[in-house]
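For reference, the structure discussed in these notes is given below.
Hydrogens, waters and symmetry mates are skipped; everything else that's a heavy atom, side chains included, is used. Every chain is numbered from 1 and lettered A, B, ... according to where its sequence line falls, protein lines coming before strand lines.
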Protein chains: 2
Amino acid sequence: MQAKKKKQMSDAQVEEAARLFAILSEPSRLILLRSLMERSMTVSELIEATGMKQGNVSKHLGVLLEARFVAREKEGNFARYAIADSNLFALCELMCGRIEQEAHKRLQELTSRPG
Amino acid sequence: MQAKKKKQMSDAQVEEAARLFAILSEPSRLILLRSLMERSMTVSELIEATGMKQGNVSKHLGVLLEARFVAREKEGNFARYAIADSNLFALCELMCGRIEQEAHKRLQELTSRPG
DNA sequence: CTTGCATATTACTATTTAGTAGTATAGTTA
DNA sequence: TAACTATACTACTAAATAGTAATATGCAAG
């Protein structure tokens with residue numbers, strides 16, 4: 001009796017999922033997350049690591065923080081950010097896998113098709 | 001000795017992942033995908049199922065098709081669309097799981113905190 | 001208190017895009 | 001051929017937002 005229920009998403013879940021996907025749809029934010037996936041970093045370190053402007057880094061971190069993808073911890077004058085949602089790793093791995101699969105598929109189509 | 005290599009995404013992968021996340025960041029498109037996850041459907045059926053306008057449905061399907069999230073098959077005058085990327089199921093399940101986890105966390109914080 | 005630094009916020013511009021109405025294309029039937 | 005239908009495309013408007021510079025906030029040292 002442990003059949004997996006494949007229930008449809010509710011409209012509210014759709015809205016929320018769209019909101020979360022939108023947050024992950026910005027290269028700048030993915031780049032920040034990519035750095036944080038290595039280790040937690042202060043804003044200054046992220047500026048250094050990414051080459052982005054301070055205001056931009058801070059703004060994007062605010063978005064990620066509000067969605068709880070990252071967490072913030074004050075250290076004196078500094079603010080240290082860290083990944084706060086382990087689902088991010090799975091999401092990124094899935095997406096990367098799909099990108100590679102797709103690249104492979106397209107290559108196959110080109111080489112195996114008669115035209 | 002089977003350590004999982006956690007390699008960083010390349011800049012190109014980040015760009016592509018952002019593009020794909022963006023495609024999934026539109027509620028209208030998620031709603032179309034939700035319908036198609038039940039069964040394949042023609043454009044007319046999708047209009048009926050979602051209440052969206054024809055032009056809008058067609059446009060969003062075009063975006064999903066270009067990204068290969070769905071596939072199209074002509075049937076006489078009709079065009080039948082179907083999910084073409086099984087990663088979508090995993091992605092949606094992950095996202096829905098995260099939404100529920102987060103809701104649960106927030107609830108716990110409210111009830112267990114002294115303030 | 002004043003100075004200096006790290007971070008956050010604000011105001012602005014420019015770009016993107018969702019939704020829509022109208023039009024075009026293509027298959028089907030007579 | 002013409003008429004009908006399903007779908008795709010085009011042009012447009014309105015809304016959202018990324019990046020930036022400038023300013024504000026808050027902590028820390030002297």
Side-chain angles (χ1 to χ4, degrees), chain A residues 11 14-36 39-84, chain B residues 11 14-36 39-84:
Chain A
D11 284 4
V14 164
E15 287 285 338
E16 178 65 0
R19 192 181 74 86
L20 295 174
F21 279 131
I23 289 173
L24 298 179
S25 74
E26 185 57 32
S28 298
R29 283 195 284 267
L30 292 184
I31 286 171
L32 288 170
L33 290 174
R34 180 178 64 179
S35 289
L36 292 178
R39 60 182 180 86
S40 71
M41 289 173 109
T42 66
V43 177
S44 300
E45 288 173 324
L46 285 167
I47 292 167
E48 167 77 16
T50 63
M52 293 165 58
K53 293 281 170 70
Q54 182 268 323
N56 206 15
V57 169
S58 193
K59 191 156 119 179
H60 285 306
L61 286 173
V63 174
L64 293 169
L65 180 65
E66 192 274 337
R68 305 244 227 163
F69 282 132
V70 302
R72 176 173 55 180
E73 191 184 352
K74 285 305 287 292
E75 281 184 359
N77 257 353
F78 296 77
R80 174 169 296 273
Y81 284 84
I83 301 290
Chain B
D11 284 6
V14 164
E15 286 286 338
E16 178 66 0
R19 192 180 75 86
L20 296 174
F21 279 131
I23 289 173
L24 299 178
S25 74
E26 186 56 33
S28 298
R29 284 195 283 266
L30 291 183
I31 286 172
L32 289 170
L33 290 174
R34 181 177 64 178
S35 290
L36 292 177
R39 60 183 180 83
S40 72
M41 291 173 109
T42 66
V43 176
S44 300
E45 288 173 324
L46 284 168
I47 292 167
E48 166 78 16
T50 63
M52 293 165 58
K53 295 281 170 70
Q54 182 267 324
N56 206 14
V57 170
S58 193
K59 191 156 118 178
H60 285 305
L61 286 173
V63 173
L64 292 169
L65 181 64
E66 192 273 338
R68 307 244 227 163
F69 282 132
V70 303
R72 176 172 57 179
E73 190 184 352
K74 285 304 290 291
E75 282 184 358
N77 258 353
F78 295 77
R80 173 169 296 274
Y81 284 84
I83 300 289

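- Nearest nucleotide to the A:V43 side chain, out of C:dA8, C:dG19, D:dT7: C:dA8.
- In this structure, the CG atom of A:N56 is 14 Å from the C1' atom of C:dT7, given to the nearest Å.
- The base of C:dA8 sits with one of its N or O atoms less than 3.5 Å from a complementary donor or acceptor on the side chain of A:Q54.
- In this structure, the CZ atom of A:R72 is 17 Å from the P atom of C:dA6, given to the nearest Å.
- Between A:K53 atom NZ and D:dA22 atom C1' the separation is 13 Å, expressed in whole Å.
- Counting distance only, with no hydrogens placed and no angle test, the side-chain atoms of B:K74 and the base atoms of C:dG27 include no donor-acceptor pair under 3.5 Å.
- Distances from the side chain of B:S58 to the nucleotides C:dT20, D:dT7, D:dA18 place D:dT7 closest.
- As a whole-Å value, the separation of B:E73 CD from D:dT7 P is 13 Å.
- Taking side-chain N and O atoms only, B:Y81 has a distance below 4.0 Å to OP1 or OP2 of D:dA8.
- Here A:E26 lies in heavy-atom contact (under 4.0 Å) with sugar-phosphate atoms only.
- For the pair B:R80 (side chain) and B:S40 (backbone), a donor-acceptor distance under 3.5 Å is present.
- Atom-to-atom, CD of A:E48 to P of C:dC5 comes out at 17 Å; the value is rounded to the nearest Å.
- Rounding to the nearest 0.5 angstrom, the gap separating the OG atom in A:S58 from the CE atom in A:M52 is 10.0 Å.
- In this structure, B:H60 does not reach the C:dT17 phosphate: none of its side-chain N or O atoms is under 4.0 Å from OP1 or OP2.
- Considering only heavy atoms from C-beta on, B:M41 stays 4.5 Å or farther from B:I47 through its side chain.
- Contact between the side-chain N/O atoms of B:S28 and the OP1/OP2 oxygens of C:dA18 is not found at any separation under 4.0 Å.
- Checked by atom type and distance alone, the side chain of A:R29 never pairs as donor or acceptor with a backbone atom of A:L64 at under 3.5 Å.
- Counting non-hydrogen atoms under 4.0 angstrom, B:R80 reaches nothing in the nucleic acid.
- Rounding to the nearest 0.5 Å places CG of B:L24 at 12.0 Å from CG of A:L20.
- Within the 4.0 angstrom heavy-atom criterion, only backbone atoms of the sugar-phosphate kind lie near A:S44; the bases stay farther away.
- One can place CG of A:L64 at 16 Å from C1' of C:dT7, the figure rounded to the nearest angstrom.
- In this structure, CE of B:M52 is placed 14 Å from P of D:dT7, rounded to the nearest angstrom.
- Atom-to-atom, CG of A:N77 to P of D:dG30 comes out at 13 Å; the value is rounded to the nearest Å.
- Counting non-hydrogen atoms under 4.0 angstrom, A:G55 reaches a base of the nucleic acid.
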